[in-house]
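Below: one structure, written as structure tokens.
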There are 4 protein chains.
Amino acid sequence: MKAIEVFAEKGYHETTVDEIADNLNVAKGTIYYHYKNKKQLYLALINEGFATLKGRVFEIVEGSGNAEEKLKRLIQVQVDFFQEYSNITFIFLREFYGNVINRHELTAILNEYLDLIAGILNEGQENGQFRPLETEVTTFMIFGAVAVSTLNYLHQPAGLTPELFLKNVIEGIFYGIKGVERQK
Amino acid sequence: MKAIEVFAEKGYHETTVDEIADNLNVAKGTIYYHYKNKKQLYLALINEGFATLKGRVFEIVEGSGNAEEKLKRLIQVQVDFFQEYSNITFIFLREFYGNVINRHELTAILNEYLDLIAGILNEGQENGQFRPLETEVTTFMIFGAVAVSTLNYLHQPAGLTPELFLKNVIEGIFYGIKGVERQK
Amino acid sequence: MKAIEVFAEKGYHETTVDEIADNLNVAKGTIYYHYKNKKQLYLALINEGFATLKGRVFEIVEGSGNAEEKLKRLIQVQVDFFQEYSNITFIFLREFYGNVINRHELTAILNEYLDLIAGILNEGQENGQFRPLETEVTTFMIFGAVAVSTLNYLHQPAGLTPELFLKNVIEGIFYGIKGVERQK
Amino acid sequence: MKAIEVFAEKGYHETTVDEIADNLNVAKGTIYYHYKNKKQLYLALINEGFATLKGRVFEIVEGSGNAEEKLKRLIQVQVDFFQEYSNITFIFLREFYGNVINRHELTAILNEYLDLIAGILNEGQENGQFRPLETEVTTFMIFGAVAVSTLNYLHQPAGLTPELFLKNVIEGIFYGIKGVERQK
DNA sequence: TATGAATGAGAGTTCATTCAT
DNA sequence: AATGAATGAACTCTCATTCAT
């Protein structure tokens, strides 16, 4: 079991450095040899995890296609990531609403990511594909909707296939619970 | 300062029972006279807070109007509540993704609330107002979108008036970033 | 359940005043109305119990019969008492070897009792019925032998009838594991 | 002062872990590094002490001589031990009649020891040296008589030399207060 | 005479951190 | 570069005792 998974399973405060050391098969002192303290270890692990997500999303942003296509792919990547690295997602949401001490560092990490989403939204509004909503609000709605629904899906799949789940999420974000495609 | 606010500000583990007692102007022993332990105090406070939200939403559900009108009002109530009781919302999101120990109790509290949302969604789908999306997925998307965007709005209002913020949230949930009203 | 039994079952320190109050069906404050503190309550209960034993033994000492007959009856009374009031016996042995604070009070209580045994032993030695052993040593040996064997008998009866158990104790004390009746 | 002596002097509950740590000249945490909790430390110390007694007695049991000679030596060893390690003896008697929680562990420790005595008694009865008394009863009588009289002797020597004290104990156990050597 | 909510000193325990090896 | 025994500050929780009613 990797260190990040231990943290994810039990939370920062309920995970001891002893447990981390046990899972890593190293002595406790070794951890302090590599990291200044428990918190720095924790932040390093989170950063590492999110770097992966940012990397994948960055490829999409820089890649080909219009805003709509990019956003679809981004949602898919995000859903996949939240499933694959559910432990990091847990940690992130938890800490984002968590103690004031870490918020600053974590907000910085998250904002870098959300800026990528915001960029796509702006691009889509400029070329008329998306409706003129406040990017700041929409970005967080998308992030919240995808994260919370995915984590719930992981907990209690409710009989849906992954494909059907993804389709529902995308449709919800693109057309809401009520809207339809514009008449061309 | 009330006990729940102390927890909200610093988080469960970083809040000591001494601090709670100081803020309540009672002796530490008094807290243990009324609550079995720190955790039970914490859960009791959360329950109390959420009971308020559930009460308000229940009025809407049982009240007049069709599903669309109800959902609009529900979102408004939820946004208002998240603003008024942002501390409880923080706590809740944090713990929901938090340690495994509390998850069971908290999930029970949350599910009661989400069932109310699900009821409205089903009603709207049955009478044709809403599109046929999976209720299970949509419910969590709405909750996540509203919670995360509202909390972010509280942190960094970004120049939006509360009315404009609410309008954006409702439009996002009803029509997504792309959909439009159906042609009658 | 009476207060003394609660103490006997769990020991002084592991019994709370709350438990005593519950068992007595009175409020905690009431106990402090009648007794100065927990310790005084405890000593009062022990005194009460031992007064019973002393009373019974005193009757024997003052009664008819020679030393041998008296000692036999005394042993029987002691065995009976230890069985009937095993809780007090437990408490007594425990405290006798227990904390230094109570030892003084309890030793006084015990000594009054042991003096009665010593008196019988002296009487028996003077009239030649008993061998000339040091009364001080013998008294404690008898007390220890009877108490420890009886408490063990209460715990694990080992298939002996009460009569057979008593017979063994008396024989052990009178003739040891090896001795026989003198030739007349 | 060793940890066991602190416990012996003040009793389990009235001895704090801080005191133990002070006497050992280590930090409190060090104790918890080596022992799970206060109770396990306590039991470990008792076990250690009794292992010494068992070792000495085992040598006798396995050694040369008939049952009578063995028992004499055993009593002497026991008296010596109770004097040398009076603190452990105190603790043991106290706890044996003490709280229910420890009884199980302590009974196990004691039984191993008493079995050694019982073995000698049986051997002596089989070869006709000892009278046919119930071993189960006699074993506990001997243990109780030796322990209680020795502890009392330690408290108030009453003018007896150690040799005279031991002689009285052995005679009491072998011939009781009344019996004599059989006619050969 | 009786109550029981409130108290607070003091206890056991945890665990991130250090440092001699 | 790695270790793990030792640390001690800080925490949760207990419970005998008090006192206003």
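Proteins come first, then strands; the chains are lettered A, B, ... in the order of their sequence lines, and each starts at number 1. Keep in mind the model is a prediction, meaning the values are calculated, not measured.
Following rounding to the nearest Å, B:Y42 (OH) and F:dT12 (P) show an atom-to-atom distance of 13 Å. Taking atom NZ of C:K39 as the reference point, atom C1' of F:dC15 lies 18 Å away to the nearest angstrom. To the nearest angstrom, C1' of F:dT14 lies 13 Å from NZ of B:K36. In this structure, the NZ atom of B:K10 is 13 Å from the P atom of F:dA10, given to the nearest Å. If you take OH of C:Y35 and P of E:dT1, they are 14 Å apart, rounded to a whole angstrom. What separates NZ of B:K28 from P of E:dA11 is a distance of 13 Å, to the nearest Å. Here F:dA16 presents its P atom at 9 Å from NE2 of C:H13, a figure rounded to the nearest Å. In this structure, B:I31 atom CD1 and F:dC13 atom C1' are separated by 12 Å, rounded to whole Å.
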Close N or O pairs between protein and nucleotides 19-21 of chain F (under 3.5 Å):
none

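To the nearest 0.5 Å, the span separating CD on D:E5 from OG1 on D:T15 amounts to 12.0 Å. Taking OH of B:Y35 as the reference point, atom CG of B:L43 lies at 11.0 Å (rounded to 0.5 Å). Rounding to the nearest 0.5 angstrom, the gap separating the CD1 atom in C:I4 from the CD atom in C:E9 is 12.5 Å. Residue A:Q40 holds its CD atom at 11.0 Å from CG of A:L45, rounded to the nearest 0.5 Å. To the nearest 0.5 angstrom, C:L41 atom CG is 11.0 Å from C:H34 atom NE2.
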Can you list, pair by pair, the side-chain donor-acceptor contacts under 3.5 Å of residues 17-28 of chain D, counting residues two or more places apart and other chains?
residue, atom, partner, partner atom, Å
D:D18, OD2, D:K28, NZ, 3.0
D:E19, OE1, D:T16, N, 2.8
D:E19, OE1, D:T16, OG1, 3.4
D:E19, OE2, D:K10, NZ, 2.7
D:N23, ND2, D:E19, O, 3.1

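A donor-acceptor pair is defined here as one N or O able to donate and one able to accept, closer than 3.5 Å; no such pair exists between the side chain of C:Y42 and the backbone of C:N37.
Relative to the ring axis of C:F7, C:K38 does not place its NZ or CZ within 45° and under 6.0 Å from the centre.
Annotation: ring pair (Phe, Tyr, Trp, His ring centres under 6.0 Å) contacts of B:Y32 (sequence neighbours excluded): none. In this view, A:F81 and A:Y85 satisfy the ring pair (Phe, Tyr, Trp, His ring centres under 6.0 Å) rule, not counting sequence neighbours.
Counting non-hydrogen atoms under 4.0 angstrom, D:K38 reaches the backbone sugars and phosphates but no base.
For the pair A:Y12/A:K39, a side-chain contact is recorded, criterion being any heavy-atom separation below 4.5 Å from C-beta on.
Between F:dT7, F:dT17, E:dA2, one nucleotide has an atom nearer to the side chain of D:Y33 than all others, and that is F:dT7.
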Structure string for DNA chain F in dot-bracket form, Watson-Crick and G-U at under 3.5 Å, | interchain = .||||||||||||||||||||

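Contacts of residues 15-25 of chain D with DNA chain E (heavy atom under 4.0 Å): D:T15, D:T16, D:V17.
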